[in-house]
Number of protein chains: 2
Amino acid sequence: MANIKDVAKAAGVSTSTVSRTINNSSSIPAETKARITEIMKQLNYTPNQNAKSLTTNKSYTITLIVDVDDEKSFQNPFFYEIMHGIEKYVYNKEYSFIVANLKTMMKKQSVLDWLIRSKRTEGVILPSSMLDSKTVESLRKDKIPFVSIGEPIHLKDSITWVDIDNKRGAEVAVYSLLENGYKNIAYLGYDNTKLFNQRRYEGYLNVLESEKIKINPSYIIECNNTKDNGYNHTKTLLNLGNRPDAILCADGELSFGAIKAIQENGLSIPSDFGLISYDETKIAELSYPSISTVNVDMFEMGTQCAKLLFDQIENHQSINQGVLISASLNKRETTK
Amino acid sequence: MANIKDVAKAAGVSTSTVSRTINNSSSIPAETKARITEIMKQLNYTPNQNAKSLTTNKSYTITLIVDVDDEKSFQNPFFYEIMHGIEKYVYNKEYSFIVANLKTMMKKQSVLDWLIRSKRTEGVILPSSMLDSKTVESLRKDKIPFVSIGEPIHLKDSITWVDIDNKRGAEVAVYSLLENGYKNIAYLGYDNTKLFNQRRYEGYLNVLESEKIKINPSYIIECNNTKDNGYNHTKTLLNLGNRPDAILCADGELSFGAIKAIQENGLSIPSDFGLISYDETKIAELSYPSISTVNVDMFEMGTQCAKLLFDQIENHQSINQGVLISASLNKRETTK
DNA sequence: TAATCTTACGCAACCGGTTGCGTGATTACA
DNA sequence: TGTAATCACGCAACCGGTTGCGTAAGATTA
C-alpha cells in the first residue's frame, strides 16, 4: 500500500509538501496541491492513522462508556439511539469511536484509564452514574475532555452534561391531560433515588401549582418501574373514594400494568381515563391501546454529547454546565 | 507521561530490553523482567498504542458495522446484545472495538474502506445484509478478516458467519405446541425475502412432516412484520371453517396484533388458543398476557463472532462456514 | 586451557507521518 | 537596481515503540 514517500516520489516533491497538502497548509500553492492530490488518488493513498496519531499525539478517536448493568442505559434502546447520534457526528469529523462498558472496566481495573493513557482516546462520553468524584478527578488530571450523559447528582455545575428536559416533558404531559378534560391526575412511579424521576415529578407538581389545583398526596405513588407495580398501584388508585381520571407514568413499564388494571375496572380508555407514559419506546406503539408518551429524542442527545465533546477537543473550551434536550408529546390511543 | 525511554533509563537498560519485557520475550531473565516491571509500575507507564501500532502494523482494534436502516438490526435491542458479547471478548484481548454504521458509510463513500486502509482496524464484523460480492472482494483484497452476522444469502459456504439456529428454534416451538395439546398450528408471517424467516418456516414444515401432520396451506400466512398484519390475518385465520388453535409468529410485532384478535374473538389464551412468537424481547414479557417466545442468545452470538474473528486475526485461519447458536423456548402465558 | 556454545542485552534502523527551521527564488518596494 | 519581504518547499529531527543483528561475558565441553 502506498505511503507518503511513494506519493512524494511520484510527485517529485518532498514528504513535507505532501503532508502539508494533506493537512491543507496554506503555504502550498493551489496547483501543486491539485497535482499531489491527483497522484494520491492514482496511488489510492490513505494516510496511516497510527503514524499520524504518533506524531500529532492525537488518536482521532473518542470513547463511549456504557453501563451494562444499568437497565436505564444499556438494556433499553435509548442508548442505542444515543450511540447513533454520536456516531454520525464523529465520522463527519473523521474521528472514530470506540465502545467500552463499565463491567469490563471493573474487571480490568480500569479500561478507561488504559484507553486514555495508551493514547487510544481523546475524549469520553459516559453516563452520569459513572461520574463519582474519583473518576472526575482522574479525567481532569489526564486532561481528557468528557461529557456526562444525564444530569449528575453532584458536580452539576462544574462539568458538562446533557440530559432530557425531564421537568418540561412532564409539564407538557400534564398540561395536555388537563386541556383534554382530565381533572384528577395521579403520578405513578415516584422514585426519589433517581434524578430524572425527581425532575419529572417537579414538572408534575409545577403544573398543578400554576393551575391552582390541590395536590392530593394519595395520587402520588412511590414505586419502582415494573409492570406489576403499575398494575397493583393502579388498582389501589382506582379504589380511592375520589379516584383519579388520569395517570402520568414516570417510567415506561408501569404503564402496561396500569392499562391492564384500568381495563379490568371496566373503565374505557381514553374516554373515561387517560394515561401518558414517560419514555417513548417501540413498545408504546405496539401495545393495545397504543400508549401516549413523552417522546425523548435520544439521537439528538447523542449529537449534543458529541458536539460538546468536540468543543472541548478542538477549542479547548468547556461550558461545564448542563444542556437540556426538549421533550415532546407523542399522542396515541391512551389520551383524548 | 513516562515513555519507554524513561523506563529504560530508570532501569539502567536499553529500550530493547524494556520492550522485550513488555512483550514477554523469552530472552529476558525473570529477575530482570521483575525489576523492569516494578519500575514501569512506579512510573505509571502505559505503552503508547499508536507507536506500537505503527511498528507492528496492527491497530489492536476491530470494527462492528451496524446497519441503521435495517430494523432487524439497529433499532431492536438484539444488536445491542451482540455488541455486548463482542465487547467483552475484545477487551480480554486488549483490543478495542469501534462502531460504524452503514448510513454514514454511504455518505463518506466508504468509511469501512477508510478504516481499513488507514490501518485503524484489523477485522470487521458486519451484518450479512452488507455482504454483497463487491464488499467481500474488497475485504479479501485487503486481507482483512471478517465475520458475517447472520447467514448470507450468497457465499454461505465461502465465508465465516454466525446465525441463530432459526430452523431448530421453530422446531422446538412447534413441538412444544403439539406436546401441549394444540393440534392445528398456523404459521403467521411467512416472508420469503428473508433468509432467517425461510429457515424458521423450514423448521415449522419439518415438524409437521415428521409428525405426519397434513399441511394446511391456508394456515400459512404470508405477510411482513407489523402488528396490524398480525391482527388482520389472525382474524382471517379465526374465521376459517377449521380454524387453527395455535399460531407460531415468525416475527415479534405480529404477536401483539394476533393476541388482540384472539381475545376479541372470545377465545381464552392459553386454554383455547396457544401462541409462540419468535424473537425474545423485553416487550414479550411486558405484554398481557406475557408472550412465550423462542429465545435467541444474542450475547452468545456476539461472542462467537468475536471468537471467529480472532481465530482469523491471530491464527490466520478461517473456517469459512456457518456457526449456529441454539435457540431455546421461553414459556410464558400464551402457551399451556 | 582453549574452543565453542549460550545467554543477556545493546545498537541502530525502521514504521510513516509532522513540523521548525532554513534557503533559494520570486516579488514588492523605494 | 539594490534591498527587503514573501513564497515554495526541502532537510532532518522527532513521535515511541519493535526487532534483526551483533557482541561481550559466562557456561560448557574437549
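- Residue A:Val13 is in sugar-phosphate contact alone, with no base atom involved, counting any heavy-atom pair closer than 4.0 Å across all strands shown.
- For the pair A:Lys307 and A:Phe310, the cation does not sit on the ring face, since its NZ or CZ is not both under 6.0 Å from the ring centre and inside 45° of the axis.
- As judged by a 4.0 angstrom heavy-atom cut-off over every strand, A:Ser53 is placed among residues making no nucleic acid contact.
- Within the nucleic acid shown, A:Thr17 comes within 4.0 Å of sugar-phosphate atoms alone, with no base atom in reach, counting heavy atoms only.
- Annotation: of the two residues near DNA chain C, A:Asn48 and B:Val18, the 5′-most nearest-nucleotide partner is B:Val18.
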- [ ] Begin from the C-alpha positions of A:Ser318 and A:Asn320 and carry the test side-chain hydrogen bond (donor to acceptor under 3.5 Å, both in side chains) through to its verdict.
- [x] CA-CA 6 Å; A:Ser318 152; A:Asn320 285 337; 2.7 Å; yes
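- One can place CZ of B:Arg20 at 14 Å from P of D:dG22, the figure rounded to the nearest angstrom.
- Figure legend: B:Lys93 and B:Tyr95 shown without cation-pi pairing, the cationic atom not lying both under 6.0 angstrom from the six-membered ring centre and within 45 degrees of its axis.
- At a cut-off of 3.5 Å, with distance as the only test, a side-chain donor of A:Arg120 or B:Ser96 sits close to an acceptor on the other residue.
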TODO: Go through the steps for A:Met1 and A:Tyr45 under the test side-chain contact (heavy atoms from CB on, under 4.5 Å), then give the verdict.
DONE: CA-CA 7 Å; A:Met1 223 185 280; A:Tyr45 166 72; over 6 Å; no
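- Side-chain contact between A:Ile164 and A:Leu324 is absent, with no heavy atoms from C-beta onward closer than 4.5 Å.
- Within the 4.0 angstrom heavy-atom criterion, base atoms lie near B:Ser19.
- Boundaries of the chain B contact region on DNA chain C are C:dA8 to C:dG16, first to last in 5' to 3' order (nucleotide atom under 4.0 Å from a heavy atom).
- Nearer to the 5' terminus of DNA chain C, by closest-nucleotide assignment, is the contact made by B:Pro29 (compared with the other of B:Pro29 and B:Asn57).
- Using a 4.0 Å heavy-atom criterion, one finds that A:Asn23 contacts the sugar-phosphate atoms exclusively.
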